[in-house]
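There's a structure below that I have some questions on.
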Amino acid sequence: MSNLDDLFICTNPTRRDVKKIYREEKYARGIIQANGDVTVWNGDVMHTALMPYLTETGIHFSIFNDKLEICWQFESWNEIQRRLVEAKPYLDVLGLSENGRIIIDTRYYTHTEMKFPDIRYKDLFQEGYEIKPLA
């Protein structure tokens, strides 16, 4: 893992920012705030290293190539989906493809294991689609 000397952090990234965020490979971490803003930084710096410096927290995520991983911290599934939909312009700038996979990590923060169906990025924007674990 990298240290904070290597950090590039921005809110609501532009295409120009993406080059600085990704550097050598498509890898980023970030937070989707309640208002739909996205704070994002280079992926080799862990969320925990930045938490003391952030004014607002939210839904933690990481992007690695075409995979968007959401770290669940007991938010409602509707809230997670709402924030992802609101953050779409910034996630698109970060280069998520329509067929990119969405992974929900329920274990890291909650120590709870839940299974989910295969979720593709484009699914979020289909009318009637709901993020939810398998029964």
Side-chain angles (χ1 to χ4, degrees):
M1 283 291 129
S2 191
N3 64 38
L4 294 178
D5 294 337
D6 300 323
L7 179 66
F8 177 77
I9 185 171
C10 66
T11 299
N12 300 336
T14 65
R15 293 199 187 280
R16 180 173 290 172
D17 296 328
V18 170
K19 291 179 185 178
K20 293 177 185 173
I21 293 166
Y22 284 156
R23 295 191 180 146
E24 295 167 15
E25 61 183 333
K26 191 174 174 182
Y27 187 29
R29 295 184 195 272
I31 293 175
I32 303 173
Q33 299 169 6
N35 66 359
D37 283 348
V38 174
T39 303
V40 66
W41 58 90
N42 38 314
D44 50 351
V45 178
M46 295 289 291
H47 283 89
T48 52
L50 259 70
M51 294 314 296
Y53 306 103
L54 298 175
T55 57
E56 186 176 344
T57 190
I59 296 172
H60 293 201
F61 71 89
S62 62
I63 293 172
F64 186 73
N65 293 324
D66 279 340
K67 179 178 81 172
L68 171 65
E69 185 169 325
I70 303 296
C71 290
W72 183 57
Q73 298 181 66
F74 298 108
E75 301 92 350
S76 75
W77 304 116
N78 288 342
E79 179 65 8
I80 290 172
Q81 187 165 353
R82 181 189 70 78
R83 288 196 198 186
L84 287 169
V85 169
E86 285 186 3
K88 184 181 189 314
Y90 309 113
L91 296 173
D92 287 351
V93 165
L94 289 167
L96 284 174
S97 75
E98 284 192 346
N99 288 314
R101 293 183 311 136
I102 296 180
I103 306 297
I104 309 287
D105 176 357
T106 61
R107 188 169 256 329
Y108 188 81
Y109 288 107
T110 69
H111 308 291
T112 304
E113 186 73 35
M114 293 185 188
K115 303 277 186 213
F116 289 82
D118 186 39
I119 305 170
R120 297 291 172 182
Y121 181 59
K122 65 182 174 186
D123 296 339
L124 296 175
F125 313 105
Q126 301 297 316
E127 190 172 327
Y129 184 80
E130 292 181 47
I131 291 178
K132 60 184 174 184
L134 295 169

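Below, each value reflects all heavy atoms present in this structure, side chains not excepted, and no hydrogens, waters or symmetry copies.
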Arg83 and Glu86: salt bridge (charged side-chain N to carboxylate O under 4.0 Å, His left out), yes or no, with the steps? CA-CA 5 Å; Arg83 288 196 198 186; Glu86 285 186 3; over 6 Å; no
Minimum-distance pair of heavy atoms, taken over all atoms of Lys20 and Arg23: O-CG, 3.4 Å
Once side chain to side chain contact (heavy atoms under 4.5 Å, CB included) is applied, do any residues pair with Phe64, and if so which ones, sequence neighbours excluded?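 Per chain and number, Phe64 pairs via side chain to side chain contact (heavy atoms under 4.5 Å, CB included) with Glu25, Tyr27.
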For the atom pair OG1 (Thr14) and NZ (Lys19), what is the distance rounded to the nearest 0.5 Å?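 That separation rounds to 10.0 Å.
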Given side-chain contact (heavy atoms from CB on, under 4.5 Å), test Val45 with Arg29 step by step and report yes or no. CA-CA 8 Å; Val45 178; Arg29 295 184 195 272; 6.0 Å; no
For Asp37 and Asn35, which heavy atoms make the closest approach, and how far apart are they?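 It is N-OD1, 2.9 Å.
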With salt bridge (Lys or Arg N to Asp or Glu O under 4.0 Å) as the rule and sequence neighbours excluded, what pairs involving residues 96-106 come up?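 Residue pairs passing salt bridge (Lys or Arg N to Asp or Glu O under 4.0 Å), neighbours aside: none found.
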Supply the atom-to-atom distance Thr106 OG1 to Lys115 NZ, rounded to the nearest 0.5 angstrom.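 Atom-to-atom, Thr106:OG1 and Lys115:NZ are 8.5 Å apart.
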I'd like to know whether NZ of Lys26 has more than 12 heavy-atom contacts from other residues, nucleotides or ligands below 6.0 angstrom. yes
State plainly whether one hydrophobic cluster holds both Tyr109 and Ile70, where clusters connect Ile, Leu, Val, Met, Phe, Trp and Tyr through side-chain heavy atoms under 4.5 angstrom apart. no
Decide yes or no on side-chain contact (heavy atoms from CB on, under 4.5 Å) for Asp66 and Asn99, but give the supporting numbers first. CA-CA 8 Å; Asp66 279 340; Asn99 288 314; over 6 Å; no
Between Asp17 and Asn12, what is the shortest heavy-atom contact and its length?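 For Asp17 versus Asn12, the nearest heavy atoms are OD2-O, 4.5 Å.
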Looking at Ala34, is its backbone amide N or carbonyl O close enough to the side chain of Arg82 to form a donor-acceptor pair, meaning the two atoms are under 3.5 Å apart?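 Yes, the answer is positive, given that a donor and an acceptor are paired below the 3.5 Å cut-off.
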Report yes if the distance between the aromatic ring centroids of Tyr53 and Trp41 is under 6.0 Å, otherwise no. no
Test Val38 against Phe61 for side-chain contact (heavy atoms from CB on, under 4.5 Å), laying out the working first. CA-CA 10 Å; Val38 174; Phe61 71 89; 3.7 Å; yes
Could you see if Ile59 belongs to whatever hydrophobic cluster contains Val93? Use Ile, Leu, Val, Met, Phe, Trp, Tyr and a side-chain cutoff under 4.5 Å. yes
Does a side-chain heavy-atom distance below 4.5 Å link Gln33 with Thr39? yes
Report whether Ile31 and Leu7 are members of the same hydrophobic cluster (ILVMFWY, side-chain heavy atoms less than 4.5 Å apart, transitive linking).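 Yes: a chain of side-chain contacts under 4.5 Å links Ile31 to Leu7.
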Any non-hydrogen side-chain atom of Lys88 less than 4.5 Å from a side-chain atom of Val85? no
So for atom OH, which belongs to Tyr108, do other residues, nucleotides or ligands contribute more than 12 heavy atoms lying within a distance under 6.0 Å?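 No, the 6.0 Å shell around OH holds no more than 12 heavy atoms from other groups.
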Interatomic spacing from CZ in Phe74 to CD1 in Ile80 - rounded to 0.5 Å: 11.5 Å
Using the six-membered ring wherever Trp is involved, compare the ring planes of His47 and His60 and label them parallel, tilted or perpendicular (cut-offs 30° and 60°). parallel
Pair Phe125 + Tyr121: ring centers closer than 6.0 Å: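 Ring-ring flag for Phe125/Tyr121: true, centres closer than 6.0 Å.
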Spacing of OG belonging to Ser76 relative to CD belonging to Gln81, to within rounding of 0.5 Å: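 Spacing of OG (Ser76) from CD (Gln81) equals 10.0 Å.
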Using the rule that two of Ile, Leu, Val, Met, Phe, Trp, Tyr join whenever any of their side-chain heavy atoms come within less than 4.5 Å, decide whether Phe8 and Leu50 are in one cluster. no
Could you go through the ring pair (Phe, Tyr, Trp, His ring centres under 6.0 Å) check for Trp77 and Phe116 one step at a time? CA-CA 12 Å; Trp77 304 116; Phe116 289 82; 5.2 Å; yes
Any link between Val18 and Ile9 through a network of hydrophobic side chains (Ile, Leu, Val, Met, Phe, Trp, Tyr) touching at under 4.5 Å?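 Different clusters.
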Rounded at 0.5 Å granularity, tell me how far CG in Leu94 sits from CD1 in Ile63.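 One gets 4.5 Å once the value is rounded to the nearest 0.5 Å.
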What pair of heavy atoms forms the shortest contact from Pro52 to Ala49, and how long is it?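 Minimum heavy-atom contact is CD-O, 3.7 Å.
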Which heavy-atom pair separates Gly58 from Gln73 by the least distance, and what is that distance?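 Reported closest heavy-atom pair: O-NE2, 3.8 Å.
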Where Ile21 and Ala28 come nearest, the two heavy atoms and their spacing: CG2-CB, 3.6 Å
Can you tell me how far apart CD1 (Ile131) and CD1 (Ile104) are? Round to the nearest 0.5 Å.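 Answer rounded to 0.5 Å: 5.0 Å.
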Any Leu84 side-chain heavy atom under 4.5 Å of Leu91 side chain: yes
